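Quantities reported herein were computed from a predicted structural model and do not represent experimental measurements.
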Amino acid sequence: GVVGIALSFTGIALFVAGRAAMADTLPWWITLDADPRLVMIAGPFMTVVGMMCLMGLWLYMRLAAKVVTRVLPPKTI
């Protein structure tokens, strides 16, 4: 969960930083040593990987819930 969220937000931040570096409006507190075009390509890729991690976690939780409901005996009142 945390890895997926971190990769997703980092990818968005990289894309925005790459766009700002291409327009020469990068703030003084952000240092970008890589080529801005490379950063703009890596940003969306990292976002997609983060979303895939979150989707995998969601599918795993769904599978685990189904397994638990099958294994536990039915609730009797």
(request) Could you check if a side-chain atom of V39 sits within less than 4.5 angstrom of a side-chain atom of L32, using non-hydrogen atoms only? (result)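 Yes - at least one pair of side-chain heavy atoms lies under 4.5 Å apart.
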
(request) Could you check if a side-chain atom of F9 sits within less than 4.5 angstrom of a side-chain atom of I5, using non-hydrogen atoms only? (result)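 Yes - at least one pair of side-chain heavy atoms lies under 4.5 Å apart.
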
Please report the interatomic distance [atom1]([X]) to [atom2]([Y]), rounded to the nearest 0.5 Å.
{"X": "L7", "Y": "M51", "atom1": "CG", "atom2": "CE", "result": "10.5 Å"}
{"X": "L59", "Y": "L54", "atom1": "CG", "atom2": "CG", "result": "11.0 Å"}
{"X": "R62", "Y": "L57", "atom1": "CZ", "atom2": "CG", "result": "13.5 Å"}

(message) For residues L26 and M40: do they belong to one hydrophobic cluster (side chain heavy atoms under 4.5 Å, members Ile, Leu, Val, Met, Phe, Trp, Tyr)?
(response)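 They do not share one cluster, since no chain of ILVMFWY contacts under 4.5 Å joins L26 to M40.
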
(message) Tell me whether V49 shares a hydrophobic cluster with M55, the cluster being built from Ile, Leu, Val, Met, Phe, Trp, Tyr side chains joined at under 4.5 Å.
(response)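 V49 and M55: separate clusters.
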
(message) Give me the atom names and distance for the closest heavy-atom approach of C53 to G4.
(response)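 Shortest heavy-atom separation between C53 and G4 comes out as CB-CA, 3.8 Å.
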
(message) Quick one: does any side-chain atom of T47 pair with a main-chain N or O of G43 as donor and acceptor, under 3.5 Å?
(response)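 It does hold such a pair.
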
